[in-house]
Amino acid sequence: MDKLLEVRSLSKSFGGLLAVDHIGFHVDEGETLGLIGPNGAGKTTNFNMIMGELSQDSGEIFFRAEEISNYPTHERVKKGIARTYQVPRPFGEATVRENIRVGMMPDSILQMLTMEASTEREREIAESVGLGADELAKYPSELSMGDLRKLELARTIASEPKLLLLDEVFAGLTTAEIAQLSTLIEEQKKNGLSYIVVSHDLKALAPLVDRVVAISFGAVIAEGSFEEVIANQKVQTAYLGQ
């Protein structure tokens, strides 16, 4: 498989505290990579650097063999990378339909004036993540946590990404909602999406991932299949407390 994203020796410090320590990993085309580790291991910091929301102190990021280390966030989104957040961040004063439209927003002001025909596309995106027509006119405050997670997914899909970074996407969901969201993730993978999934819910993560990278104190401590990584003694000590 071709490498879709490659992170090479990324490091980041905050006030003298090393949060990410020369970390390196990759995601192949069509792959779902799990990124696990204890709280404070550097998982979200890695996402922030991959998206350009936080600059790395050193190291490089490549997407489709092109170095994007210094690209602003909007350029990385245009290249095909998108993300969700641990806490959903919808526009509270906008409807579900309008929130999805934000992800579809073109660069050109002239194009924005001709977006009237986007209504059908918004509905299609909503349906693809399990949000029905009745939800399109609702506001985020009217949605359950499960539906807020679906809205986050819909907004990212609207930007037509090739790689989607999912940060604690199962947090706060019921068992039924986790199963439903997992099915949606798998369906979108069939449409060509690749993923990096951060989750503390290992039971939910296990059936989704092709490979797992475990980190602790900002450094990789294990990499391989889910079963291999979970059985690793360093992972059990650092992450599972065993």
Q: Kindly determine whether L164 and Y195 satisfy side-chain contact (heavy atoms from CB on, under 4.5 Å), including the steps that lead there.
A: CA-CA 5 Å; L164 186 48; Y195 296 94; 3.7 Å; yes
Q.
In the structure I gave you, are the side-chain heavy atoms of Y71 and I61 within less than 4.5 Å of one another anywhere?
A. no
Q: Tell me whether L10 is reachable from F63 by hopping between hydrophobic residues (I, L, V, M, F, W, Y) whose side-chain heavy atoms are closer than 4.5 Å.
A: yes
Q: Output yes when a side-chain donor or acceptor of E75 lies under 3.5 Å from a complementary backbone atom of P72, and no otherwise.
A: no
Q | Non-neighbouring partners of T156 that pass side-chain hydrogen bond (donor to acceptor under 3.5 Å, both in side chains), sequence neighbours left out | A | none
Q | Beyond-backbone contact of I157 with N191, side-chain heavy atoms, under 4.5 angstrom | A | no
Q) Is the backbone N or O of S194 less than 3.5 Å from a side-chain atom of E31, with the two atoms forming a donor-acceptor pair by type? A) no
Q) Are the side chain of D147 and the backbone of L131 linked by a donor-acceptor contact shorter than 3.5 Å? A) no
Q: Give, for atom CG of L148 and atom CG of L153, the distance between the pair rounded to the nearest 0.5 Å.
A: 12.5 Å
Q. Is there a path from I81 to V169 through hydrophobic residues (I, L, V, M, F, W, Y) whose side chains come within less than 4.5 Å of each other?
A. no
Q: Kindly give the heavy-atom pair with the smallest separation between L143 and K138, and that separation in Å.
A: CD2-CD, 4.2 Å
Q | Under 3.5 Å: donor-acceptor pair, side chain of S11, backbone of H22 | A | yes
**Q.** Within 6.0 Å of CZ in F217, more than 12 heavy atoms from elsewhere
**A.** no
Q. Of the non-hydrogen atoms in L18 and S13, which two are nearest, and what is the gap between them?
A. CD1-OG, 3.3 Å
Q) Going from CG on L4 to CD1 on I196, what distance comes out if it is rounded to the nearest 0.5 angstrom? A) 8.5 Å
Q | Polar side-chain atom of T183 near backbone of A179 as donor-acceptor pair, under 3.5 Å | A | yes
Q. Rounded to the nearest 0.5 Å, how far apart are OG of S141 and CD of E93?
A. 10.5 Å
**Q.** K43 to F47 six-membered ring, cation-pi geometry met (6.0 Å, 45°)
**A.** no
Q: Could you check K79, K3, R76 and say which one makes a salt bridge (Lys or Arg N to Asp or Glu O under 4.0 Å) with E66?
A: K79
Q) Heavy-atom count around K189 NZ within 6.0 Å, excluding the residue itself: above 12? A) yes
Q: Can you measure from CG (L208) to OG1 (T32) and round to the nearest 0.5 angstrom?
A: 6.5 Å
Q: Could you pull out the closest heavy-atom pair between V235 and A222, with the gap in Å?
A: CG2-CB, 3.6 Å
(Q) Please determine whether residues M51 and L33 belong to a single hydrophobic cluster, defined as Ile, Leu, Val, Met, Phe, Trp and Tyr linked transitively by side-chain heavy-atom distances below 4.5 Å. (A) yes
Q: Answer yes or no: is there a side-chain heavy-atom contact under 4.5 Å between R211 and S225?
A: no
**Q.** Single-linkage hydrophobic cluster, 4.5 Å side-chain cutoff, L181 and M145 together
**A.** yes
Q) With a 4.0 Å cut-off, would you call K150 and E135 a salt bridge? A) no
(Q) Closer than 3.5 angstrom, by distance alone: can the side chain of E53 be matched with the main-chain N or O of T73 as a donor-acceptor pair? (A) no
Q.
Side chains of S182 and E186 only: does a donor on one sit below 3.5 Å from an acceptor on the other?
A. no
Q: Find out if a path of hydrophobic residues (ILVMFWY) with successive side-chain heavy-atom gaps under 4.5 Å connects L205 to I185.
A: yes
Q: Check step by step if side-chain contact (heavy atoms from CB on, under 4.5 Å) holds for R64 and E29.
A: CA-CA 9 Å; R64 290 181 153 181; E29 293 267 7; 4.0 Å; yes
Q. Side chains of V96 and E142: does their closest heavy-atom pair fall under 4.5 Å?
A. no
Q. Do N99 and P140 touch side chain to side chain, with heavy atoms closer than 4.5 Å?
A. yes
Q | Interatomic spacing from CD in Q56 to CE in M49 - rounded to 0.5 Å | A | 7.0 Å
(Q) Any heavy-atom pair between the side chains of S55 and K12 that's under 4.5 Å? (A) yes
Q.
Quick check: do K203 and F170 have side-chain heavy atoms less than 4.5 Å from each other?
A. no
(Q) Under the criterion side-chain contact (heavy atoms from CB on, under 4.5 Å), I'd like the reasoning laid out for Q86 against V198: C-alpha separation, chi angles, the key distance, then a yes or no. (A) CA-CA 9 Å; Q86 289 187 31; V198 164; 5.8 Å; no
Q) For the side chain of D21 and the backbone of G218, is there at least one donor-acceptor N/O pair under 3.5 Å apart? A) no
**Q.** Salt bridge R121-E124, side-chain N to carboxylate O under 4.0 Å
**A.** yes
Q | Short N-O contact, R149 and E177, less than 4.0 angstrom | A | no
(Q) To check you understand the geometry: which heavy-atom pair defines the closest contact between T95 and E98, and what is its length? (A) N-OE1, 2.8 Å
Q. Considering all heavy atoms of both residues, which atom of I230 and which atom of Q236 are nearest to each other, and what is their separation?
A. O-NE2, 3.1 Å
**Q.** Closest non-hydrogen atom pair between A126 and I100, with its separation
**A.** CB-CD1, 3.9 Å
Q: Please assess N46 against I215 for the test side-chain contact (heavy atoms from CB on, under 4.5 Å), listing each intermediate value before the final yes or no.
A: CA-CA 11 Å; N46 272 285; I215 64 176; 4.1 Å; yes
Q.
Within this structure, what is the OH-CG distance for the pair Y85 and L166, rounded to the nearest 0.5 Å?
A. 12.5 Å
